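Heads up, the thing below is written out as structure tokens.
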Amino acid sequence: MLNYIRHQSLRIPRLYLVVLILLSILTLILTLTSQVYPLANSLKNPSDDVDWLAYTIRLGKKNLMMLYDPYKNIRVRVHTYDNRITFSLSKNGYLAFSSGINGKPQISIWDTHAAYRSSTQVDQNSKAANYPLAWSPDGRYLAFVSYLDGKHYLIYVWDGKTTINITPNDLADSVQSYNGVSWSFDGRFAFTVWFDDRQSKGDPSEIYLWDGKTTTSLSQNPTGRDESPTWSADNRFAFLSDRGGKYGIYVWDGVSIKNGSPKVDTFTNVAPQLTTYESSPKWTSEGLLTFSTYIPQDTTSQIYRWDGQTATNISQTSTEGNGLQTWSADGRWAFATFYSPKGDMVYVRDANNRTLLAVKGTYPAWSSTGYLTFCTLSRSGWVLSIWDGQQVKAIAQGGEIWAQWGSGSRSICYSG
């Protein structure tokens, strides 16, 4: 009996030691793939008006249109379609998506407040293919594109009752796409027109402005390239422009007008010595302008913040490329790294630039209530994950995933 007791007393510590070693290995693996730094103030219970997440997911030969409530962990299937579904979700809970009707994609509207089942049809040309672009911040207007016979590319605004054609005059036959749009908080709509190379006459793209009544050229740069329009919360406007062979980020105050169009000589060229073709501007929650750029002495692309006078490197990861920066309403910000030894990573930092989260992934996007989504490419496809300030969890997996919060922020899980 004494020998048995001695034998058991030796087995227990050995077993305990094995368990500790296995747990240590597991902890190391998790640390290498996802480092989480809990927030001092984690997300509190949001109201019933929590920001929904809309996403499409490719499963086999089908695309599913889904809605997700991150607080209640509710998923709602909206639509299934063979081809890719285009969509836009408004801040007040209206989902516009293209669906197959009479052989042409048409736009339907779902009201998320009506038991997730209410659907209406946008007044549109049923002979054309119609695709939603973006809701205005107050949910009053929906901008959408109509393609007629693959020749005429028109852009419209729908106010819930009537449809307004805002296509620039005499451009319908030369337009290739409308890629890059932005609504101001006072109801003005800026959109990028990309021209057909055969008809562009040296003008690959131009940014236009619809002010609620008329459409005019905003960028007014007929021999260069203009893109990446973005409005600040106080209705200033920034965009990237190639003028005379040199790229610059230009800021318009949003109010200076001459002959019905923005006054070009009031545009401010932000940090021209730092700007390159990849310097797409983004506004912070404090109304400051940021952009990423490649500088030879840094050897990687870095994210800079411009305060109106000087530009400061805020990413400060010299061994990694940085971009896709995005700000939450409470001052936290997220960005992605690429071409680095660690692989693609998403970082979240607080207002003092302290790291809160470091995780494998790309394309971060904030909700208005403080949730963050991002994408990770796995062996079995793309994974869409969500971070609530403390924990990361996967919410969808498929061949490709396109996700958008009601705030307008998007995560794109797509390799093409």
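In this text, all values refer to a predicted model and were calculated from it rather than measured experimentally.
- A parallel orientation is assigned to the rings of Y304 and F291, their planes being inclined by less than 30° (bins at 30° and 60°).
- Remark: side-chain polar atoms of S219 are paired, donor with acceptor, to backbone N or O of I207 under 3.5 angstrom.
- Taking the side chain as every heavy atom from C-beta outward, S301 and F338 approach each other to under 4.5 Å.
- Looking only at distances, a side-chain donor or acceptor of D69 sits under 3.5 Å from a matching main-chain atom of Y71.
- Residues Q106 and A128 come closest through the heavy atom pair NE2-O, 2.8 Å.
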Checklist entry - Which is it for W135 and Y94 under the side-chain contact (heavy atoms from CB on, under 4.5 Å) test, yes or no, and what are the steps along the way? => result CA-CA 9 Å; W135 291 94; Y94 290 94; 3.9 Å; yes

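- Side chain of S205 to backbone of W194: no donor-acceptor contact under 3.5 angstrom is found.
- Of all heavy-atom pairs between W283 and A238, the closest is CZ2-CB, 3.8 Å.
- Note that R188 lies outside the cation-pi zone of Y208, set by a 6.0 Å cut-off to the ring centre and a 45° limit from the axis.
- S241 is not listed as a side-chain neighbour of R225, based on a closest heavy-atom distance of 4.5 Å or more.
- In terms of modelled atom types and a separation under 3.5 Å, the side chain of Q316 and the main chain of N313 share a donor-acceptor contact.
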Next on the checklist: Working note: S368 + S407, criterion side chain to side chain donor-acceptor pair (under 3.5 Å); need CA distance, chi angles, decisive distance, verdict.
Outcome noted: CA-CA 6 Å; S368 61; S407 61; 5.6 Å; no

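- When atom types are taken as modelled, the side chain of T362 and the backbone of D344 share no donor-acceptor pair closer than 3.5 angstrom.
- Between W333 and F335, the angle of the ring planes stays under 30°, which puts this pair in the parallel group of the 30/60° scheme.
- Taking the six-membered ring where the residue is Trp, the centroids of Y414 and W402 are separated by under 6.0 Å.
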Next on the checklist: Between T192 and E227, does the side chain to side chain donor-acceptor pair (under 3.5 Å) criterion hold? Intermediate values first, please.
Outcome noted: CA-CA 6 Å; T192 308; E227 57 186 307; over 6 Å; no

Item to check | side chain to side chain donor-acceptor pair (under 3.5 Å) between E278 and S280, intermediate numbers included | outcome: CA-CA 6 Å; E278 62 181 14; S280 298; over 6 Å; no

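- Using a 4.5 Å heavy-atom threshold, the side chains of E286 and W327 count as separate.
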Item to check | Verdict with supporting geometry, S367 and T369, side chain to side chain donor-acceptor pair (under 3.5 Å) | outcome: CA-CA 5 Å; S367 75; T369 50; 3.2 Å; yes

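- Taking 4.5 Å as the limit, some side-chain heavy atom of W382 sits within range of a side-chain heavy atom of S415.
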Checklist entry - Could you go step by step and tell me if T355 and V348 meet the side-chain contact (heavy atoms from CB on, under 4.5 Å) rule? => result CA-CA 6 Å; T355 300; V348 178; over 6 Å; no

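- Between W252 and F239, the ring centre distance reaches or exceeds 6.0 Å.
- Aromatic rings from W366 and F374 are positioned such that their centres are separated by 6.0 Å or more.
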Item to check | Working for side-chain contact (heavy atoms from CB on, under 4.5 Å), residues L67 and L53 | outcome: CA-CA 6 Å; L67 280 168; L53 178 71; over 6 Å; no

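- Between D159 and K161, no side-chain nitrogen of the basic residue sits less than 4.0 Å from a carboxylate oxygen of the acidic one, so the salt-bridge criterion is not met.
- Between F189 and the choices W183, F144, Y141, the ring pair (Phe, Tyr, Trp, His ring centres under 6.0 Å) rule is met once, by W183.
- Considering OG1 of T80 and CG of N63, their distance stands at 9.0 Å, rounded to 0.5 Å.
- Residues P168 and V193 come closest through the heavy atom pair CG-CG2, 4.5 Å.
- Within the 4.5 Å cutoff, the side chain of W210 has heavy atoms near those of the T215 side chain.
- The backbone N or O of Y55 sits nowhere less than 3.5 Å from a side-chain atom of Q404 that would complete a donor-acceptor pair.
- S285 and G331 make their closest contact through OG-CA, 3.5 Å (heavy atoms, listed as atom of the first residue, atom of the second, distance).
- In terms of heavy atoms, P70 sits closest to I386 at CB-CD1, 3.6 Å.
- Using a distance-only test at 3.5 Å, with no hydrogens or angles considered, no donor-acceptor pair links the side chain of S184 to the main chain of N235.
- Side-chain atoms of S136 come within 3.5 Å of backbone atoms of R140 as a donor-acceptor pair (strictly under, hydrogens ignored).
- Panel note: side chain N221, backbone D242; a donor-acceptor pair is recorded below 3.5 Å.
- Taking the centre and axis of the six-membered ring of Y250, the NZ or CZ atom of R243 falls inside the cone set by 45° and 6.0 Å.
- A donor-acceptor pair is defined here as one N or O able to donate and one able to accept, closer than 3.5 Å; such a pair exists between the side chain of Q302 and the backbone of T317.
- Here D234 pairs with R236 in a salt bridge; the nearest charged N to carboxylate O distance falls below 4.0 Å.
- No side-chain heavy atom of R58 sits under 4.5 Å from any side-chain heavy atom of R84.
- Between P229 and A190, the closest heavy-atom pair is CB-CB, 4.3 Å.
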